[in-house]
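Handing you this structure, nothing more for now.
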Amino acid sequence: MSPDHPPGLDLDRLRGLLDRERPGLVTGALSGRLIEGGRSNLTYAVTDDTAQWVVRRPPLGHVLATAHDMKREHRVISALHPTNVPVPKPILLCEDDEVLGAPFYVMEFVEGTPYRTADDLAPLGADRTRGAVLELVDTLVELHAVDPAEVGLADFGRPEGFLDRQLRRWGKQLDASRNRDLAGVEELHAALGRHLPTSPSPAVVHGDYRLDNVLIGTEGGVDKIKAILDWEMSTLGDPLTDLGLLVMYSIPLDLPNSPISTTASAPGHPTPAELIERYAARSGRDVSSVAWYTAFAWFKLAVILEGIHYRYTLGQTVGRGFDRIGELVPVFIEHGLTTLQEG
């Protein structure tokens, strides 16, 4: 770790806050580093050389639009921490912009590995990979089994009309972030709207549930999910949206330099059908409409990737690989259409 202050993290002010609010927690000078790989919010690892913590804050220069995310993330992990759902222990929420320039929260540092690619999973081997992905399903069942009212999350979202709002939201997002024709995208959006399923009882929804958003560590010689991360899209809603996304990420795509997780290509990774069957058996939920939820996941990813491509065409992206994302969007649209047609 560097003793320098990473951008967006004033360690002196953070130390002052922790000393006031959690006296005795910090026992030495703080140092910190930015943890790479976050989707939008910034994540830092901070240590006093005795203990470690994690700080989450909104992106630099983007405070107003995402300031509420910190409170929501802190609220949901605080509510879930006493349950069987593995989340980091929350330490502190700070809504005072004077400390770091934006609201933020501090949580415990959890040892574990996020597996983002098939190559990352290779050292585990086929059996351990299979076990890890099956536990990913079991942990999702645990999350969806939580009674929102019992953990103080009864008002965490608006479950009524959830799918319709989601579909309209992502449709508007597409319209606002593209400058070209995309064959089939209106057809996919319209078909999803025509076949909107009836949602089951609402649950706490993660919103971006996949293997690289959990930390896996070894406990007693067994791989265990130690923590679910990145709760910025969590809400109360239709739990099968989480399942559909997980199924989508479990379909291997032969795309070099894929912009999304490639863990599905790893030896031992269970098939989508196995994941669906396991979720149904363990949750008791009707999953007969899972094709719709999977197609919706393909649509959402197409919209997200098109937004990245749109910003690339405007010269607003920095880094390598953005030039190829535009040509991948039609692949996701086609998968969405095929998934709906084949049911």
Side-chain angles (χ1 to χ4, degrees), residues 39 136-137 140-141 143-144 157-178 182-211 213 230-253 255 258-261 264 271-273 275-277 279-280 283 285-309 328-343:
R39 237 174 63 99
L136 189 66
V137 177
L140 184 62
V141 171
L143 171 63
H144 292 165
R158 293 183 297 139
E160 299 81 8
F162 178 77
L163 292 182
D164 181 60
R165 285 197 311 277
Q166 284 280 302
L167 196 56
R168 283 189 281 113
R169 171 193 167 191
W170 287 101
K172 290 178 181 177
Q173 182 76 16
L174 175 66
D175 292 338
S177 58
R178 65 165 169 159
L182 285 172
V185 73
E186 282 88 3
E187 179 187 350
L188 175 57
H189 187 243
L192 287 166
R194 286 195 305 270
H195 301 288
L196 211 66
T198 301
S199 292
S201 298
V204 179
V205 172
H206 181 273
D208 197 17
Y209 194 77
R210 49 198 167 98
L211 194 60
N213 270 341
D230 291 349
W231 291 89
E232 59 201 78
M233 298 178 72
S234 61
T235 188
L236 284 192
D238 188 326
L240 296 182
T241 54
D242 277 342
L243 177 63
L245 193 70
L246 186 58
V247 170
M248 188 217 73
Y249 279 116
S250 299
I251 297 172
L253 292 176
L255 296 174
S258 172
I260 69 166
S261 170
T271 66
L275 302 186
I276 295 165
E277 182 181 349
Y279 180 89
S283 70
R285 284 192 173 86
D286 178 3
V287 298
S288 57
S289 299
V290 70
W292 187 94
Y293 293 93
T294 308
F296 178 55
W298 286 115
F299 175 71
K300 281 202 307 183
L301 261 292
V303 172
I304 291 169
L305 294 175
E306 183 63 16
I308 295 171
H309 171 70
L328 300 179
V329 176
V331 176
F332 291 83
I333 296 171
E334 184 59 34
H335 272 282
L337 287 168
T338 302
T339 301
L340 268 187
Q341 291 163 0
E342 295 179 353

Worksheet item: Does His335 use its side chain to pair, donor to acceptor, with the backbone of Leu253 at less than 3.5 Å?
Response: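 No: the side chain of His335 does not pair with the backbone of Leu253.
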Item to complete: Work out which heavy atom in Pro202 is nearest to a heavy atom in Pro159; give both atom names and the distance.
Response: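 Of all heavy-atom pairs spanning Pro202 and Pro159, the closest is CB-CB, 3.5 Å.
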Worksheet item: Do the side chain of Asp242 and the main chain of Val205 share a donor and acceptor less than 3.5 angstrom apart?
Response: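 No; judged by distance alone, with no hydrogens or angles, the pair does not exist.
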Worksheet item: Glu306 and Lys300: salt bridge (Lys or Arg N to Asp or Glu O under 4.0 Å), yes or no, with the steps?
Response: CA-CA 10 Å; Glu306 183 63 16; Lys300 281 202 307 183; over 6 Å; no
Worksheet item: For Arg158, does the CZ atom sit with more than 12 other heavy atoms under 6.0 Å from it, leaving out its own atoms?
Response: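 No, not enclosed.
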Discussion item. Looking at every non-hydrogen atom in both residues, tell me the closest pair between Ala302 and Val329 and how far apart they are.
Written reply: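 Closest approach of Ala302 to Val329: O-CG1, 3.8 Å.
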Worksheet item: Closest approach of Pro239 and Ala203, non-hydrogen atoms and distance?
Response: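 Residues Pro239 and Ala203, closest heavy atoms: CB-CB, 4.0 Å.
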Discussion item. With a 4.5 Å cut-off on side-chain heavy atoms, are Leu246 and Leu211 touching?
Written reply: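 No, side chains not in contact.
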Worksheet item: If you round to the nearest 0.5 Å, how far is CG of Leu301 from CH2 of Trp170?
Response: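 It comes to 8.5 Å.
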Worksheet entry | Minimum side-chain heavy-atom gap Asp208-Trp231 below 4.5 Å |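 The answer is no, as the side chains (C-beta and beyond) never meet within the 4.5 Å cut-off.
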Item to complete: Can you measure from CG (Leu136) to CG (Leu275) and round to the nearest 0.5 angstrom?
Response: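 Here the interatomic distance stands at 8.0 Å.
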Discussion item. I need the minimum non-hydrogen distance between Ala295 and Leu192, along with the two atoms involved.
Written reply: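 In terms of heavy atoms, the two residues are closest at CB-CD2, 4.0 Å.
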Practice prompt. Kindly compute the distance separating CZ (Arg168) from CG (Leu163), expressed to the nearest 0.5 Å.
Written response: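 Taking CZ in Arg168 and CG in Leu163, the distance rounds to 11.5 Å.
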Item to complete: Sort out for me which residue in Leu143, Leu140, Thr241, Thr235 forms a side-chain contact (heavy atoms from CB on, under 4.5 Å) with His206.
Response: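 For His206, the side-chain contact (heavy atoms from CB on, under 4.5 Å) test succeeds with only one of Leu143, Leu140, Thr241, Thr235, which is Leu143.
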Worksheet item: Can you tell me how far OG of Ser250 sits from CZ of Arg210, rounded to the nearest 0.5 angstrom?
Response: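 Between Arg210 CZ and Ser250 OG, I get 12.0 Å after rounding to 0.5 Å.
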Worksheet item: Measuring from Leu174:CG to Ile304:CD1, what's the distance to the nearest 0.5 Å?
Response: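 Output value for this atom pair is 11.5 Å.
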Worksheet item: Can you check whether Arg285 reaches His144 side chain to side chain, under 4.5 Å on heavy atoms?
Response: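 Yes - at least one pair of side-chain heavy atoms lies under 4.5 Å apart.
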Item to complete: Taking all non-hydrogen atoms of both residues into account, name the closest pair between Tyr293 and Pro200 and its distance.
Response: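 Where Tyr293 meets Pro200 most closely, the heavy atoms are OH-CD, 4.1 Å.
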Worksheet item: For the side chain of Trp298 and the backbone of Met248, is there at least one donor-acceptor N/O pair under 3.5 Å apart?
Response: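 No, the answer is negative, given that no donor and acceptor are paired below the 3.5 Å cut-off.
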Discussion item. Within the structure provided, determine whether Ile333 and Leu337 are in side-chain contact (heavy-atom separation under 4.5 Å).
Written reply: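 In short, these two side chains touch, coming nearer than 4.5 Å.
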Worksheet item: Is a salt bridge present between Glu187 and Arg194, judged by a nitrogen-to-oxygen distance below 4.0 Å?
Response: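 Salt bridge: no.
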Worksheet item: Is Leu167 close to Phe296 at the side-chain level, that is, under 4.5 Å between some pair of heavy atoms?
Response: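 When only atoms from C-beta onward are counted, Leu167 and Phe296 do touch, with a gap below 4.5 Å.
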Worksheet entry | Within-4.5 Å side-chain heavy-atom neighbours: Trp292 and Leu196 |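 Yes, side chains in contact.
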Worksheet item: Quick one: are His309 and Leu305 in side-chain contact, heavy atoms under 4.5 Å?
Response: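 They are not in side-chain contact.
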Item to complete: Dump the intermediate steps for side chain to side chain contact (heavy atoms under 4.5 Å, CB included) on Tyr279 and Leu240, then the final yes or no.
Response: CA-CA 10 Å; Tyr279 180 89; Leu240 296 182; 3.9 Å; yes
Discussion item. Looking at every non-hydrogen atom in both residues, tell me the closest pair between Val247 and Pro272 and how far apart they are.
Written reply: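 Minimum heavy-atom contact is CG1-CB, 3.9 Å.
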Worksheet item: Hey, what do you get for CG (Asp164) to CZ (Arg169), rounding to the nearest 0.5 Å?
Response: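 Taking CG in Asp164 and CZ in Arg169, the distance rounds to 13.5 Å.
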Worksheet item: Is the closest side-chain heavy-atom distance between Tyr209 and Leu243 below 4.5 Å?
Response: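 Of all side-chain heavy-atom pairs linking Leu243 with Tyr209, none is under 4.5 Å.
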Practice prompt. Determine yes or no for a side-chain-to-main-chain donor-acceptor pair under 3.5 angstrom, with Arg165 supplying the side chain and Glu160 the backbone.
Written response: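 Here the side-chain-to-backbone pair exists.
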